[in-house]
2 protein chains.
Amino acid sequence: MFSKATEYALRATIYIAQKSSVEKKLSLAEIATAIDSPPSFTAKILQLLTKDNCVINSVRGPNGGFYITEKSKQLPLKKILEAVNENDLFEKCILGLKKCSETKPCPLHFQYKPIKQELIHLFQTNTIQELSEKADNESLFINNSI
Amino acid sequence: MFSKATEYALRATIYIAQKSSVEKKLSLAEIATAIDSPPSFTAKILQLLTKDNCVINSVRGPNGGFYITEKSKQLPLKKILEAVNENDLFEKCILGLKKCSETKPCPLHFQYKPIKQELIHLFQTNTIQELSEKADNESLFINNSI
DNA sequence: ATAATTAAGGACAAAATTACCTTTAATTAT
DNA sequence: ATAATTAAAGGTAATTTTGTCCTTAATTAT
Ligand code: FES
Ligand code: FES
């Protein structure tokens, strides 16, 4: 479904929203361990999420690391997809036609359309905070290691 | 969403179901042109679909080519996904956890679940024939070139 | 039989994705 | 000021996916 990059971006952001604050920043090492992702690759993805501080924030130096503001927690998951450039995934034709269109639809278009809408809705309505709260629940996980 | 291989497999099978019969086989060249895919790569994918004659059939030699039987047209699209080994896509965790499970669900699991069911349903209930009939309709396309 | 045609199969190449590593810049603590 | 710590940035490497090419096998037509 999603690329590894996007999966790591989603898991990392949820983890950061769960565990960080301006006072308690998280290091790359901690994040990568927590979400079971390759540290160096994760670093690149966190950079994307930090660009223009659009999703998460970072500071360098001792006690530095990554964190997310309360305001950013209110952003929809869609923002994460945008940050890693996988935003247009749900706009694409399921059969790979160059353009998904109503005027030149593929034979699956009209059946796929409502499903696509639900997927878009899922990522537009759920905020980072909501997901992190779900993950806080003892029975929900973002750790991949088991 | 799907890999290129899967997209080509779906488009090729639909095209073959539209245009072929035991008497009128389609050459690789025609198929690749029709669905706008790289011929040699498409050849590999058609081989997968032909393995054990599970989805399409082929014969070599002059006037040879690919075709599909009336019986195979009754197969669900799912069979195409199986043939190209992308069958388990809808079983996977949307956040990339090693296992999508009810006992250790990710924070999106329960919201994604019904959508996943609809996707599975889409590919299990639609037959190759149904899709090819839709594609026969003047207003539905599997040609990528425009 | 021979030649022509077509898919099958295998090796190879290019491109994209994923992953790693090293240096630099920023920040903090001493 | 200096040293230590941490992310940023850039380059490189491994892997996977996508795409090509060439030879072989099967079939047909002559
Ligand atoms: S044209 Fe294929 S999904 Fe819209
Ligand atoms: S555990 Fe993530 S979708 Fe099921």
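Because only heavy atoms are used, hydrogens play no part in the values below, and waters and symmetry mates are left out as well, while side chains stay in. All chains are named by letter (A, B, ...) in the order of the sequence lines, taking the proteins before the strands, and each is independently numbered beginning at 1. This one's a predicted model, so the numbers in the text were calculated from it and none came from an experiment.
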If you measure from the Lys or Arg side-chain nitrogens to the Asp or Glu carboxylate oxygens, is any gap between [X] and [Y] under 4.0 Å?
X	Y	value
A/Arg11	A/Asp36	no
B/Glu82	B/Lys78	yes
B/Glu30	B/Lys19	no
A/Lys113	A/Glu102	yes

Which nucleotide in D/dT18, D/dA8, C/dG9 has an atom nearest any side-chain atom of B/Ser3 =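 Looking only at side-chain atoms, B/Ser3 lies closest to D/dT18.
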How long is the line joining [atom1] of [X] and [atom2] of [N], in whole Å?
X	N	atom1	atom2	value
B/Lys51	C/dA7	NZ	C1'	13 Å
B/Tyr67	C/dT6	OH	C1'	14 Å
B/Ile31	C/dA7	CD1	P	7 Å
A/Ile56	D/dA7	CD1	C1'	11 Å
A/Leu48	C/dT18	CG	C1'	13 Å
A/Lys25	D/dA8	NZ	P	13 Å
B/Asn85	D/dT18	CG	P	13 Å
B/Leu49	C/dA8	CG	P	10 Å

key: Pairing partner (Watson-Crick or G-U wobble, both distances under 3.5 angstrom) of C/dT28   =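 Looking at the geometry, C/dT28 pairs with D/dA3.
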key: C/dG9: pairing nucleotide in any strand, Watson-Crick or G-U under 3.5 angstrom   =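 Partner of C/dG9: D/dC22.
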Short side-chain N/O contact from A/Gln47 to OP1 or OP2 of D/dA7, under 4.0 Å =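 The answer is no; no side-chain N or O of A/Gln47 sits under 4.0 Å from OP1 or OP2.
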Short side-chain N/O contact from B/Ser58 to OP1 or OP2 of C/dA8, under 4.0 Å =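 Affirmative; the distance criterion is met.
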query = Would a 4.5 Å heavy-atom cut-off, applied to side chains only, mark B/Ile115 and A/Leu119 as touching?
reply =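 Yes; the side chains approach each other to less than 4.5 Å.
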query = Do the ring centers of B/Tyr112 and A/Phe2 come within less than 6.0 Å of each other?
reply =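 Not under 6.0 Å, so no.
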Under 3.5 Å, which protein N or O atoms sit close to an N or O of nucleotides 13-16 of chain C? Give each pair with its distance.
none

ask   = When every nucleotide of nucleotides 19-30 of chain C is labelled 5' to 3' by its protein contacts under 4.0 Å (heavy atoms), B for base, S for sugar-phosphate only, - for none, what sequence of letters results?
value = BBB---BBBBS-
key: B/Ser21-B/Glu23 side chain donor-acceptor pair, cut-off 3.5 Å   =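 There is such a pair (donor and acceptor under 3.5 Å, judged by atom type) between the side chains of B/Ser21 and B/Glu23.
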query = Would you say B/Thr42's side chain and B/Pro38's backbone share a donor-acceptor pair under 3.5 angstrom?
reply =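 Yes; at least one donor-acceptor contact below 3.5 Å.
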ask   = Within the distance-only criterion (no hydrogens, no angle test), does the side chain of A/Ser72 pair as donor or acceptor with the backbone N or O of A/Thr69 below 3.5 angstrom?
value =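 No, because the side chain of A/Ser72 does not come within donor-acceptor range (under 3.5 Å) of the backbone of A/Thr69.
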ask   = With a non-hydrogen cut-off below 4.0 angstrom, is A/Leu26 in contact with a base, only sugar-phosphate, or nothing?
value =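 Sugar-phosphate, no base atom in range.
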